[in-house]
Protein chains: 2
Amino acid sequence: MPRAGLTAERLTLAGAELADEVGFDQVTVSALARRFDVKVASLYSHLKNSQDLRTRIALLALEELADRAADALAGRAGKDALAAFAGVYRDYAREHPGRYAAMRMPLDPGTAAASAGVRHARMSRAILRGYDLAEPDQTHAVRLLGSVFHGYVSLELAGSFDHSAPDPRETWPRIIDALDATLRNWPAS
Amino acid sequence: MPRAGLTAERLTLAGAELADEVGFDQVTVSALARRFDVKVASLYSHLKNSQDLRTRIALLALEELADRAADALAGRAGKDALAAFAGVYRDYAREHPGRYAAMRMPLDPGTAAASAGVRHARMSRAILRGYDLAEPDQTHAVRLLGSVFHGYVSLELAGSFDHSAPDPRETWPRIIDALDATLRNWPAS
DNA sequence: GCAGCTGCCTAATACCTTTAGGCAAGCCGC
DNA sequence: GCGGCTTGCCTAAAGGTATTAGGCAGCTGC
């Protein structure tokens, strides 16, 4: 009987694929074992437990999305950067709904601090350099960006926009326009 | 042996309380049975299955929030209405995180159409009457409002704002200000 | 006060999670 | 090449959740 060659990395990647196919909360140690044609208990040499698997998928997704965003942001500034960042975010969620859902999983503080989440935060701030915002408004604006992107993407993914015209494809650029206008003209305290 | 007096309504309410206490995805038929000191199988006379329970909790939350929002909106218009609506949304999520999470559960189209979700949509549109937006911009704006509220509230609930100053309490009103400004000055197509 | 309905129970199946302990595959030195 | 050791994957087992089938008894209506 040859060995299956499991590693935490391969399991995480397969778990991410599984998440995209069947939904993040259907990602189960058992399903993963089936996918590798291996007994369930075997995975516990590589994963601490089910929660560990989910956390690894979340961290993978954060890294992947941060990489894509960094690529998209290179050489752009202002509204151009804003639109590129937003586009990456949305596209990733549409291509990888399971991974996207994984990203929203609460991480414990230590894990979060060591994750690519901090790159995301830095990139948001980098985008805002194209606008003229001093602290604390910059932080408020970072949170606004995060809220809009995450909120829109998750409502769209949940199908909340499906049953009313117009097509969400039209709404997205208009929201970018609105955000850009808001940032250029941030209301004074 | 006296009967426990279970009904779908009591189960739903208890399920909602359970969700607020331990999180929506920890709401389980078994836990609910324990709470009523009753055997698990007994609940299946009142609930079709676990999914049915979750759906009922979601519908309850949608109703409750719609009621609160309607109260808050009465007699208000413009930014006043916007801030009141936003406040209700956020407060509800903080008071009832489990119910709030339940609301984000995907509903099948028929159920969604019969739910209080339509009241939410109507109220969003009502708020926008205080601003001068024609279709399709009004729909874009409805989606923006939904995205910001949902996005902010769920990021805050997930603790995403916990580890950076300033306090989210300061950010929220500034985001309302920014939204108000955006709506008053919606960028032309 | 009893007949019938129906609410709650027991029993059983199936799946997921997790731990403990065993066997052998494959790499390491010789 | 070969013997030993590590360790990857296995069997076994216990415990939790979901769900269905079928039974008995408590309540309601007459």
Side-chain angles (χ1 to χ4, degrees), chain A residues 1-60 97-99 101-102 105-108 111, chain B residues 1-60 98-99 101-102 104-108 111:
Chain A
M1 248 170 253
R3 298 191 174 179
L6 306 179
T7 65
E9 287 66 35
R10 289 188 60 200
L11 289 171
T12 304
L13 195 53
E17 284 160 14
L18 188 59
D20 289 337
E21 289 165 23
V22 304
F24 182 58
D25 36 51
Q26 311 299 320
V27 172
T28 184
V29 181
S30 300
L32 203 50
R34 274 193 295 276
R35 178 165 287 222
F36 281 93
D37 205 24
V38 140
K39 297 297 169 183
V40 190
S42 306
L43 302 201
Y44 284 83
S45 319
H46 305 279
L47 305 170
K48 228 172 72 244
N49 51 35
S50 185
Q51 180 65 15
D52 181 36
L53 170 61
R54 279 186 259 272
T55 301
R56 285 170 187 273
I57 296 173
L59 294 176
L60 171 69
R99 285 159 155 103
M105 205 189 56
L107 300 175
D108 68 273
T111 309
Chain B
M1 252 171 249
R3 298 193 175 179
L6 305 180
T7 65
E9 287 66 34
R10 289 189 60 199
L11 289 171
T12 304
L13 196 53
E17 284 160 13
L18 187 59
D20 288 335
E21 289 165 22
V22 303
F24 183 58
D25 36 51
Q26 311 299 320
V27 171
T28 185
V29 182
S30 301
L32 203 51
R34 274 193 295 276
R35 179 166 286 223
F36 281 94
D37 205 25
V38 140
K39 297 297 168 182
V40 190
S42 306
L43 303 199
Y44 284 83
S45 320
H46 305 278
L47 305 171
K48 226 170 75 249
N49 51 36
S50 185
Q51 179 64 16
D52 181 36
L53 170 61
R54 279 187 258 274
T55 301
R56 285 171 186 272
I57 295 173
L59 294 175
L60 171 70
R99 285 158 154 105
R104 312 297 4 149
M105 203 189 57
L107 300 174
D108 68 272
T111 309

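Every chain is numbered from 1 and lettered A, B, ... according to where its sequence line falls, protein lines coming before strand lines. As the structure is a prediction and not an experimental result, all values here were calculated from the model.
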- Query: Rounding to a whole Å, what distance do you find between A:L47:CG and D:dC9:C1'?
  - Reply: 14 Å
- Item | Name of the residue among A:I57, A:L60, A:T7 meeting side chain to side chain contact (heavy atoms under 4.5 Å, CB included) with A:L13 | A:L60
- Among the nucleotides D:dT17, C:dC8, D:dC10, which one has an atom lying closest to any side-chain atom of B:S42? C:dC8
- Query: Just how far is it from atom CG of B:L53 to atom CD of B:Q51, taken to the nearest 0.5 Å?
  - Reply: 9.5 Å
- Query: Just checking B:L6: base, sugar-phosphate only, or nothing, at a heavy-atom cut-off of under 4.0 Å?
  - Reply: sugar-phosphate
- Could you encode protein contacts along nucleotides 18-23 of chain D as a string, one character per nucleotide from 5' to 3', using B for base contact, S for sugar-phosphate-only contact and - for no contact, with a heavy-atom cut-off of under 4.0 Å? SBB---
- In residues 10-26 of chain B, what residues come within less than 4.0 Å of DNA chain D, judged by heavy atoms? none
- Task: Compare all side-chain heavy atoms of A:R56 with those of A:L47 and state whether any distance is below 4.5 angstrom.
- Result: yes
- Between atom CZ in A:F36 and atom P in D:dC9, what is the gap in whole Å? 10 Å
- Item | Distance-minimising heavy-atom pair for A:F24 and A:G98 | CB-O, 3.7 Å
- Message: B:E9: which residues meet the side chain to side chain donor-acceptor pair (under 3.5 Å) condition with it, sequence neighbours left out?
- Response: none
- Message: Below the 4.0 Å mark, does C:dC15 have OP1 or OP2 next to a side-chain nitrogen or oxygen of A:R34?
- Response: no
- B:K39 NZ to D:dG16 P, straight-line distance once rounded to whole Å: 12 Å
For residues 36-46 of chain B, please give each side-chain donor-acceptor pair under 3.5 Å, one per line with the distance, not counting sequence neighbours.
residue	atom	partner	partner atom	Å
B:S42	OG	B:K39	O	3.2
B:S45	OG	B:S42	O	3.3

- Item | d(CG, A:D37; C1', D:dC10) in whole Å | 13 Å
- Note on the structure: CE of A:M105 to OG1 of A:T111, rounded to nearest 0.5 Å, is 8.5 Å
- Query: Residues two or more places apart in sequence or in another chain: which of them pass side chain to side chain donor-acceptor pair (under 3.5 Å) with B:R104?
  - Reply: B:Y89
Could you list the donor-acceptor pairs under 3.5 angstrom formed between side-chain atoms of residues 25-32 of chain A and any protein atom two or more places apart in sequence or on another chain?
none

- Phosphate OP1/OP2 of C:dC8 contacted by B:H46 side-chain N/O (<4.0 Å): yes
- Gap between atoms CG and P, on A:L32 and C:dT18 respectively (whole Å): 13 Å
